[in-house]
Amino acid sequence: MKIAIRSIKGKLFVWFFAFSSVLLIILGFSLYHKFKETIFSSVDNALHSKLQILKGLLHEEHDSIEFELDEVVLGEYSIPRSGHYYKIIMNGEVEFISESLVDDDFDLASGRLESYDEELMEKIYTSTGPADEPIRVLQHDFEFLNIPTSVFVAESISENLSMLNSIKLFFFIITPSSIFILGIVGLLIAEQSLKPLKKFSSAIETITHKTLSKRILSAVEAEELRSLADSFNAMLDRLQNAFDAEKRLVADASHELKTPLSVIKAQCEVLLQKDRAKEEYIEAFETIKHSVESLNKLLNDLMSLSRLDSGILSAADFEIVPVNDCIKNAIHLVKVLAEEKNIHISIDTKENITIPGNKDRITEALLNIIENAVRYNKTGGSVEVSAFKDNTRAEITIKDTGIGIKNNDLKKIFERFYRADASRSTEGTGLGLSIADTIVKAHSGSISVKSKPGEGSSFVITLPSGNTG
Ligand code: ADP
């Protein structure tokens, strides 16, 4: 069964715990084996030196082989079951044997063969001694005066084994308790490491739409969370800007709606006060109609903006747009206004200019700019619309002979609801250019303006040509 650990703390703890447990177990095992190896090799070394001594005690005397009874042999080897034994077999017969063995037939090489060195003719056994104790036996086969000889030296290893057992016990106690302690330490480390994250999340929790200006940098201590905090703060900046823009739009829109509504209300009140002459009614209704038209235009512009803000324009839906058609459609829509002001509109374009985009929206952007060129023009003035395209871009220029725009206003005319003082007397919502700008930007293009007050303005729309090569 697979148990999914969802919390970072849990995962950190499990990894830390698993890793340290495996590490401790491996460490324990290898240390124990190292101890075991060292202990047995020191026993084997002792057996080797004793074997050399015993071999040195063998000598020939009066045609027979004698074994010199040195004090070594008389010492620990003479005490029954002392834990130190030897046996010398020549020609298959037991020739010399330590008194400690007690029984002459006791077989020292009866246990488990631990190693065999063919070159040195040495075998090492672990076996059971005459006192039922564990013993280590070294057997060496050689020829003494051409007689096949085997010397067995043995030592009790009960002390060594009990020492090894103590070490084993130590590891059995130490390893689990270390794992337990490491587990607790792991938990504490996980808890401690995640504290900044908790702080971070509580800092985020305090941010609401009312406290969008708050930033969370001050709460972040951990270096790793800095970039997260930076991205989060940048997101808050964007949100706050959007929020502020939205608020401004609502406030400005309400303000703009107020004027025509108050005009309508005032006209109705005047009409309702008493009976009026027919002409007065007509005049009042004309004013009301005019206000309703402004309201209608304002609402249409607001809806356009809101649609554009919601990202209705996506490059994925773009089609091939014939720029000339858009220009002609836009000019057709301002024809009446242009005729009223006796303004001549000329077109200078090549027939086949196309760009990737949305035809209706590009027409809307052009209409807003051409309509301005007519509206803010002098009676009898002119508007020139030209377009060209090269490999990288298409440019549409709308040049008028109108009132022009002051330098100070030039920077602001694309802002929502901005209207220069000079144009206050004319109809308008202050949204036309920001709609055009949003549309052009959604097509990855830009709008630039050059203007001289009293002489005229020139708006240039630059759009990507869509040529990939
Ligand atoms: P409006 O509805 O007022 O025309 P716009 O966003 O279209 O709103 O334009 C913003 C302001 O920019 C206008 O109020 C006007 O002052 C100025 N403007 C725009 N186009 C022209 C132009 N061709 N000539 C002079 N002023 C212009």
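Sequential numbering from 1 along the given sequence is applied to the chain's residues. Indexing begins at 1, ligand by ligand and atom by atom, following the structure's order.
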Ligand 1 to Gly428, heavy atom cutoff 4.0 Å, flagged ligand atoms 2 (O)
So, His443 side chain and Asn358 main chain: donor-acceptor pair closer than 3.5 Å or not?
-> yes
Give a yes/no on ligand 1: does Asn368 have at least one heavy atom closer than 4.0 angstrom to it?
-> no
Ligand 1 N/O within reach of Leu433 N/O, cut-off under 3.5 Å = yes
Could you walk me through whether Thr363 and Asn329 pass the side-chain hydrogen bond (donor to acceptor under 3.5 Å, both in side chains) check?
-> CA-CA 7 Å; Thr363 309; Asn329 290 344; 4.7 Å; no
Ligand 1 atoms nearer than 4.0 angstrom to some heavy atom of Leu431 are 6 (O), 8 (O)
Test side chain to side chain donor-acceptor pair (under 3.5 Å) applied to Gln240 - qualifying residues, sequence neighbours left out = Arg215
Under 4.0 Å to a heavy atom of Gly432 - the qualifying atoms of ligand 1, by number | 5 (P), 6 (O), 7 (O), 8 (O)
Any heavy atom of Gly404 sitting closer than 4.0 Å to ligand 1?
-> yes
List every atom of ligand 1 that sits less than 4.0 Å from any heavy atom of Tyr418, numbering the atoms from 1 in the order shown and giving each element.
-> 10 (C), 11 (C)
Side-chain donor-acceptor pair present, Ser42, Asp44, cut-off under 3.5 Å | no
Of the side chain and backbone of Ser457, name the one, both, or neither that has a heavy atom under 4.0 Å from an atom of ligand 1.
-> side chain
Can you find a side-chain donor-acceptor pair between Asp390 and Ser465 that sits under 3.5 Å?
-> no
With heavy atoms of Ala420 as the reference, note each atom of ligand 1 found under 4.0 Å away.
-> 14 (O), 16 (O)
Is there side-chain contact between Thr397 and Val385, with heavy atoms separated by less than 4.5 Å?
-> no
Check each heavy atom of Arg375 against ligand 1 and say whether those closer than 4.0 Å belong to the side chain, the backbone, both or neither.
-> side chain
For atom 25 (C) of ligand 1, state which one of Thr429, Ile370, Ile405 supplies the nearest heavy atom.
-> Ile405
Does a salt bridge link Glu415 with Lys412, judged by any charged N lying under 4.0 Å from a carboxylate O?
-> no
Side chain, backbone, both or neither: Phe459 near ligand 1, heavy atoms under 4.0 Å | side chain
Sorted by chain and residue number, the salt bridge (charged side-chain N to carboxylate O under 4.0 Å, His left out) partners of Glu191 (sequence neighbours excluded) come out as Lys9, Lys198
Would you say Ser434 has any N or O atom under 3.5 Å from an N or O of ligand 1, going by distance alone?
-> no
